[in-house]
Amino acid sequence: MRSSRSDLLEVYELLLRSYGEQNWWPVDEEYHREHGTDPREEIVIGAVLTQNTSWRNVKKAIENLKREGALSFEGVLNTPLDKLEELIRPSGYYRQKARRLKVVSEKLSPVSKVESIGREELLSIEGIGRETADVILLYAGGRPYFVIDAYTKRIVERIFGVRGSYEELRSWFEGNLPKDVELYKEFHALLDEHAKRFCRKDPLCEGCPLTQVCIQPSR
DNA sequence: CCCCAGGCCGCGC
DNA sequence: GCGCGGCATGGG
């Protein structure tokens with residue numbers, strides 16, 4: 001495999017230069033200041049809500065939770081299940097997700113657990129798979145786990161010819177990048193942005209900022 | 001009408 | 001370990 005540490009870092013630099021800082025994970029800091037809630041709980045809740053769902057729809061659900069004072073573990077646990085389902089309905093799979101929000105809120109309380117919980121233990125919680133676990137560890141826990149998603153897989157397969165299982169890709173990224181939490185956060189966000197702008201299912205190779213490092217530009 | 005979106009789970013093989 | 005169907009709303 002030709003792709004090396006420097007190639008991967010170059011991709012990061014190119015994306016950062018093209019799109020600027022993404023500042024993921026988006027959280028309403030002011031809301032949490034005013035309500036005395038922990039913004040890390042919004043990250044966990046958002047991570048569950050966004051499973052196979054557009055962020056646009058998730059935002060509607062989050063707004064509903066805010067309006068009802070339920071954008072926290074305590075808020076989720078104090079909201080009756082049928083009410084919770086109603087609030088998060090715009091995010092899809094709302095019956096599944098309402099139950100999972102209850103389970104996750106209970107198992108991750110207090111939210112400081114995100115600093116110490118083991119990845120395997122996180123994965124044993126209903127509703128938390130590999131990607132959601134790594135989102136929680138990285139964005140809520142500030143721990144160096146690289147998040148892989150469908151976009152990430154598509155991009156590295158196209159530009160480097162690299163493919164593999166979730167765990168294989170995660171260790172590929174982590175092995176080819178310095179262990180830097182802020183880098184991991186920003187890089188993942190940039191990859192998602194790039195997948196939406198250029199590296200779509202039907203790629204728009206014209207004007208792509210990664211043409212110079214891609215093994216198969218303009219198909 | 002179609003397809004997709006910041007996946008996960010349970011099942012069969 | 002891998003592939004599949006079910007889960008559901010809202011946009012393009």
So if I take every side-chain heavy atom of [X] and compare against [options], which nucleotide ends up nearest?
| X | options | answer |
| --- | --- | --- |
| A/Thr132 | B/dC4, C/dG12, B/dC8 | B/dC8 |
| A/Arg154 | B/dA5, C/dT9, B/dG7 | B/dA5 |
| A/Glu131 | C/dG10, B/dG7, C/dA8 | B/dG7 |

Given atom [atom1] of [X] and atom [atom2] of [N], what is their separation to the nearest angstrom?
| X | N | atom1 | atom2 | result |
| --- | --- | --- | --- | --- |
| A/Lys196 | B/dC4 | NZ | P | 16 Å |
| A/Ile125 | B/dG7 | CD1 | C1' | 16 Å |
| A/Asn52 | C/dC7 | CG | C1' | 9 Å |
| A/Tyr94 | C/dG10 | OH | C1' | 14 Å |
| A/Ile128 | B/dC9 | CD1 | P | 8 Å |
| A/Tyr93 | B/dC8 | OH | C1' | 9 Å |
| A/Leu49 | C/dC7 | CG | P | 19 Å |
| A/Gln96 | C/dA8 | CD | P | 5 Å |

Ring geometry between A/His188 and A/Phe146 (parallel below 30°, tilted from 30 to 60°, perpendicular above 60°) | perpendicular
[X]/[Y] ion pair, N-O < 4.0 Å:
| X | Y | answer |
| --- | --- | --- |
| A/Glu115 | A/Arg40 | yes |
| A/Arg99 | A/Glu126 | yes |
| A/Arg89 | A/Glu86 | yes |

If the cut-off is 4.0 Å, is [X] near the phosphate of [N], judged by side-chain N/O to OP1 or OP2?
| X | N | answer |
| --- | --- | --- |
| A/Thr53 | B/dG7 | no |
| A/Lys97 | C/dA8 | no |
| A/Lys60 | B/dA5 | no |

NA contact type, A/Gly92, heavy-atom cut-off 4.0 Å: base, sugar-phosphate, or nothing?
-> base
Spacing of the P atoms in C/dG10 and B/dC8 (rounded, Å) = 22 Å
What integer number of Å spans the P atoms of B/dC3 and C/dG5?
-> 14 Å
Considering only nitrogen or oxygen atoms on both sides, find all protein atoms under 3.5 Å from nucleotides 1-4 of chain C and state each distance.
none

A/Phe187 versus A/Leu8: any side-chain heavy-atom pair under 4.5 Å?
-> yes
Would you indicate whether the side-chain heavy atoms of A/Tyr94 and A/Glu85 approach each other to under 4.5 Å?
-> yes
Side-chain heavy atoms under 4.5 angstrom apart, residues restricted to Ile, Leu, Val, Met, Phe, Trp, Tyr: same cluster for A/Leu169 and A/Tyr151?
-> no
Closest-nucleotide 5' rank along DNA chain B - winner of A/Asn57 and A/Gly129 = A/Asn57
Taking for each residue the nucleotide of DNA chain B bearing the nearest heavy atom, is the 5' side occupied by A/His188 or by A/Leu123?
-> A/His188
The answer to which of A/Ser54 and A/Arg100 contacts DNA chain C further toward the 5' end, by nearest nucleotide, is A/Arg100
Is a side-chain donor or acceptor of A/Lys102 paired with a backbone partner of A/Val76 at a separation under 3.5 angstrom?
-> yes
